[in-house]
Amino acid sequence: MTKAKIIAESTKNMPWEPKPAGEKGVIWRYSGNPIIQRNPTPSTSRIFNSALVPYGDGFMGVFRADDIRVMQNIHLARSKDGINWEIEDKPIEWVDEQGKSFNPHYAYDPRLVKIDDIYYIIWCTSFGGSCTIGMGYTKDFKTFIRLENSYLPFNRNGVLFPRKINGNYVMLSRPSDNGHTPFGDIFLSESPDLTYWGKHRKVMGATDAWQHLKIGAGPIPIETSEGWLMIYHGVLLSCNGFVYSFGAALLDLEEPSKVLYRADPYLLTPEEDYETVGFVPNVAFPCSALVDTDDGRIAIYYGAADTFVAVAFGYIDEIIDFIKRTNKLGYGDDSIGRD
Ligand code: BMA
């Protein structure tokens with residue numbers, strides 16, 4: 001059994017439920033799922049693919065909210081326990097570095113990471129009539145400074161690593177198209193300053209079965225002595241449309257475009273009503289995770305059916321064992337993906 005050292009912000013007070021007797025999965029769902037119901041605030045109809053960090057004696061979240069026109073926005077939310085949330089009814093207001101208003105036309109699927117003392121928010125943003133990766137930061141969750149968009153269209157699922165690697169910021173992303181994208185692999189780019197991105201590498205591609213159509217990074221990768229734990233979504237095209245499940249892989253610590261191990265089965269696939277029935281059925285879309293670095297507990301937050309927020313629990317050591325035990329690398333996964 002692996003006993004990995006975990007290097008992350010530890011969250012002793014994270015939500016938790018022990019593994020239920022008879023549970024066969026590596027991770028298990030919170031019995032109180034979904035934690036956010038429909039029409040959570042007067043101006044919003046659904047909150048789903050969302051992210052949070054420990055903050056003060058509780059948690060701060062950036063929530064993807066579709067408003068009552070079905071326009072996508074990011075709203076700030078606060079919680080003492082990670083389960084019950086106070087959600088602002090208005091989207092986050094962004095300014096540029098000169099203090100001038102710089103709001104996106106739409107913004108969705110945010111990720112949130114603390115690097116040194118700064119909280120970075122990365123999201124899928126409107127750009128040139130389509131979408132790419134938007135990014136901004138805050139130091140106090142009161143003023144939000146938006147930076148230049150990271151890439152040209154089209155791109156989604158931007159996920160920043162929680163520290164620089166070999167002197168550069170590192171971001172995972174998923175080049176896409178301007179529609180629902182019937183393809184998609186995970187790539188990585190580096191930047192010295194969060195403005196200029198280059199040294200692009202391919203990390204891993206869609207393979208087969210539950211992840212045959214496209215894949216995209218999920219929560220901020222978690223640094224462990226066994227490698228970066230990357231939880232990611234994979235999509236299958238069924239007769240009834242896309243099915244979003246999520247799985248896990250371990251990436252090389254110093255060269256994270258190199259995949260060390262990749263679990264062949266999913267960790268979680270839509271099965272519960274809140275995952276299979278909603279605005280978009282059959283979606284489990286992870287965007288965030290909390291960890292206790294001492295005992296390796298993890299709480300994974302995922303959007304369910306583009307309608308709800310849900311949580312699943314597990315132990316990092318058990319997830320790492322599962323990844324190694326069921327390892328199946330795809331074509332080119334173990335190389336430094338330059339070609
Ligand atoms: C993706 C994104 C996600 C969404 C998923 C399923 O392309 O738009 O926000 O959860 O589709 O609809």
Side-chain angles (χ1 to χ4, degrees), residues 7-11 13-15 35-36 47-65 72-83 85-88 90-94 103-104 106-125 133-147 149-150 156-164 169-174 191 194 216-223 228-233 246 285-293 298-303 309-312:
I7 301 142
E9 181 156 15
S10 196
T11 320
N13 59 338
M14 61 189 241
I35 62 167
I36 299 182
I47 285 183
F48 43 110
N49 311 341
S50 296
L52 72 159
V53 284
Y55 190 74
D57 59 358
F59 303 91
M60 195 64 91
V62 286
F63 281 11
R64 176 202 170 144
Q72 304 126 343
N73 294 301
I74 303 174
H75 290 227
L76 200 61
R78 295 174 184 78
S79 174
K80 285 273 177 241
D81 58 8
I83 296 288
W85 289 88
E86 237 173 74
I87 304 160
E88 293 196 356
K90 289 208 169 67
I92 287 175
E93 288 280 339
W94 293 96
N103 286 314
Y106 62 74
Y108 63 87
D109 296 356
R111 311 311 202 267
L112 176 60
V113 60
K114 186 181 182 191
I115 305 180
D116 303 324
D117 282 333
I118 302 183
Y119 295 91
Y120 293 94
I121 303 165
I122 308 101
W123 70 91
C124 180
T125 202
I133 306 301
M135 188 185 292
Y137 69 89
T138 182
K139 292 182 176 169
D140 53 10
F141 288 98
K142 290 187 181 111
T143 304
F144 292 86
I145 315 262
R146 182 171 166 202
L147 302 171
N149 294 333
S150 310
R156 296 190 178 110
N157 294 301
V159 177
L160 201 56
F161 280 72
R163 66 164 171 88
K164 289 182 175 176
Y169 294 97
V170 179
M171 182 153 66
L172 301 167
S173 73
R174 211 277 306 284
S191 172
L194 295 173
I220 302 305
I222 298 163
E223 185 170 7
W228 292 101
L229 172 61
M230 181 178 73
I231 294 170
Y232 66 97
H233 69 257
F246 59 88
F285 195 98
C287 286
S288 197
L290 297 171
V291 293
D292 178 340
T293 54
I298 182 169
I300 302 166
Y301 284 71
Y302 62 101
V309 176
V311 188

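Scanning both residues, W123 and A107, for their nearest heavy atoms gives CD1-CB, 3.3 Å. The minimum heavy-atom distance linking M60 with W85 is given by the pair C-CZ3, 4.1 Å. In plain terms, the two heavy atoms of A65 and I47 that are nearest each other are CB-CG1, 3.7 Å. Residues E88 and R78 come closest through the heavy atom pair OE2-NH1, 3.1 Å. Closest non-hydrogen pair, P219 versus V159, comes out as O-CG1, 3.5 Å. When every heavy atom of N49 is checked against every heavy atom of P110, the shortest pair comes out as O-CD, 3.4 Å.
Note that the SG atom of C287 and the CZ atom of F246 stand 10.5 Å from one another [nearest 0.5 Å]. Once rounded to the nearest 0.5 Å, the distance linking OG1 of T125 with CD of Q72 reads 10.5 Å. Taken from CD1 in I231 to OH in Y302, the straight-line distance is 12.5 Å, to the nearest 0.5 Å. Distance check: L52 CG to Y301 OH gives 5.0 Å after rounding to the nearest 0.5 Å. We find the CD1-OG1 distance between I92 and T138 to be 8.0 Å, quoted to the nearest 0.5 Å. In this structure, the separation between CG on L290 and OG on S10 is 10.0 Å, given to the nearest 0.5 Å.
Side-chain contact annotation: N157 with R111, donor-acceptor N/O pair under 3.5 Å present. Using modelled atom types, one finds no donor on one side chain facing an acceptor on the other under 3.5 Å when comparing T11 with N13. A side-chain N or O of Y108 and one of R156 form a donor-acceptor pair less than 3.5 Å apart.
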Before giving the answer on side chain to side chain contact (heavy atoms under 4.5 Å, CB included), spell out for Y119 and V62 the whole-Å C-alpha distance, their side-chain angles and the decisive distance to 0.1 Å.
-> CA-CA 11 Å; Y119 295 91; V62 286; over 6 Å; no
Go through the steps for W228 and V170 under the test side chain to side chain contact (heavy atoms under 4.5 Å, CB included), then give the verdict.
-> CA-CA 12 Å; W228 292 101; V170 179; over 6 Å; no
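Not a single donor-acceptor pair under 3.5 Å links the side chain of D116 to the backbone N or O of I118. The backbone N or O of G216 sits less than 3.5 Å from a side-chain atom of H233, completing a donor-acceptor pair.
Ring geometry for Y120 against Y137 counts as tilted: the plane angle lies between 30° and 60°, on a 0 to 90° scale.
Residues P104 and W94 have side chains in contact (heavy-atom distance under 4.5 Å, counting atoms from C-beta outward). Counting heavy atoms from C-beta outward, S288 and L112 have side chains that stay 4.5 Å or more apart. The side-chain heavy atoms of P221 and L172, taken from C-beta on, include a pair separated by under 4.5 Å. In this structure, F161 and V113 have side chains that are not in contact, with every pair of non-hydrogen atoms separated by 4.5 Å or more.
Checked against the 6.0 Å centroid criterion, the rings of F285 and F48 do not qualify as a close aromatic pair.
When the shell of 6.0 Å around CD of E9 is examined, it contains more than 12 heavy atoms from other residues, nucleotides or ligands.
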